[in-house]
Amino acid sequence: MSNHSMNCGQVKRLLPPFLDEELSGRVREQTASHLASCPACRAELEALKADMGLLEQVGTPEVSPFLVTRVMAEVRERRRAAPHGFARLAGSLAAALVVAVSIGAGVLFGSGLAQTATPVAENSTEEAVSYVESSAADMYAMMAGGD
Amino acid sequence: MSHCPHSRGRTILSHPEVPVTNDADLVRKAQTGDLAAFEELVRRHQHGLFSYLYRMCRNASDAEEMAQVAMVKAWEKLGGFRGASSFKTWLYRIGTNLCFNLRTRRKPTEELYETMAAPDNERPEAAFQQKLREEAVRKALDCLPEDQRAALVLSVYQDMSYKEIAETLGKTVRAVDSLLFRAKSNVRKVLAEDRAKGII
């Protein structure tokens, strides 16, 4: 690659990304090649480095040691007030799933099992309670027999 | 800026139950509601975010308040974070938006700088020269439009790549290259004037 494939104007435009190591491939090679043979552009690169170095010398105050504590206190407070986004999403999905299953079950029982469902619906509350109690009694008796 | 090492198999001093890991893993844990993981993210990025916001808004109280708001917002929006960019650039973008909004509302006269470090009593001349350099740099940064300033601060002080700056500012890499070229040219003009006057 010829050293004169780029002129000084083009190279000066590329000095900041060259210094920031943002150039790649042929452009970087051409820029480096021009700089190797051009004292004026090399001087410009050094001046740019010096000015950027000056910027880097300026510090900032220390962050408060309580910033993390304050952030986490607010996060916990907001979490108490409203569940975390994912928990909310999970809750919504769970609720949607329950609704979908209920609807599906309703459709299933409402069509194929309508005849078996009807007698249960017709049973009185006392009969239902009695059935549950007797089932429980049978279960306890079975467990006692096992001992 | 200080960041925890990303080596595995170690633990974080403040939270021994959280192993040292990368941001992406911490984000995934935090997305399931793991507060210790989110706290570690806050701990890692507090200095960098505060420093960036301080250089942007030029007031420590405002910078700290914005850093806090940005981090709480990050927690609230974490469920929607898909990892297309890094957590750092995503967090800084939230901070940038807060900062640009604040700067739009405030007049420049309200902005002030705070003392960086205690004066060096041993070498008063060196301390004075350093103070002059700091003032010159601040003045040079003050002259920049906010997008140029943000790009320059992220590049010089946060050591971000052009791609990361582009993610943070919501611009293309090409636009960032152009912003940085103009920012550096403008800053250098101001510094050259101060040099010619013998200020620095």
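By convention in this document, chain letters (A, B, ...) are assigned in the order of the sequence lines, proteins followed by strands, and residues within each chain are numbered from 1.
- Residue contact with chain B, scored on non-hydrogen atoms closer than 4.5 Å, involves the backbone and the side chain of A:L48 alike.
- A:R79 places a side-chain N or O within donor-acceptor distance of the main-chain N or O of B:G33, the cut-off being under 3.5 Å.
- Using a 4.5 Å heavy-atom cutoff, the side chains of A:D20 and B:K184 are in contact.
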Applying side chain to side chain contact (heavy atoms under 4.5 Å, CB included), run through A:L15 and B:F181 and close with a yes or a no. CA-CA 9 Å; A:L15 287 181; B:F181 179 76; over 6 Å; no
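- Looking at heavy atoms from C-beta onward, A:R13 lies in side-chain contact with B:D177 at the 4.5 angstrom threshold.
- The CZ atom of A:F66 sits 10.0 Å away from the CD atom of B:E64 when rounded to the nearest 0.5 Å.
- With hydrophobic clusters built from ILVMFWY side chains whose heavy atoms lie under 4.5 angstrom apart, B:V190 does not share a cluster with B:L179.
- Note: A:L54 CG to B:E134 CD = 10.0 Å, rounded to the nearest 0.5 Å.
- Salt bridge annotation for B:R188-A:E44: present, with a cationic side-chain nitrogen under 4.0 angstrom from a carboxylate oxygen.
- Put simply, the side chain of B:E39 never gets that close to the backbone of A:M72: no donor and acceptor are under 3.5 Å apart.
- The contact between B:F50 and chain A is made entirely by side chain atoms (from C-beta outward), counting heavy-atom distances below 4.5 Å.
- No side-chain heavy atom of A:V75 sits less than 4.5 Å from a side-chain heavy atom of B:V42.
- Atom-to-atom distance recorded for A:M52:CE and B:S155:OG is 8.5 Å, nearest 0.5 angstrom.
- By the 4.5 Å heavy-atom criterion applied to side chains, A:E22 and B:K163 are not counted as neighbours.
- Side chains of A:Q57 and B:Q130 form a contact here, defined as non-hydrogen atoms less than 4.5 Å apart.
- B:Y157 places a side-chain heavy atom less than 4.5 Å from the side chain of A:L55.
- Contact annotation: the side chain of A:D51 never approaches that of B:V187 to less than 4.5 Å [non-hydrogen atoms, C-beta and beyond].
- Contact tally against chain B (heavy-atom pairs below 4.5 Å) for A:E62, A:E56, A:R70, A:E21: the top residue is A:R70.
- The shortest distance between side-chain heavy atoms of A:V58 and B:L141 does not fall below 4.5 Å.
- Rounding to the nearest 0.5 Å gives a distance of 12.5 Å between OG of A:S64 and CD of B:E65.
- Contacts of B:L35 with chain A are made by both backbone and side-chain atoms, with heavy-atom separations under 4.5 Å.
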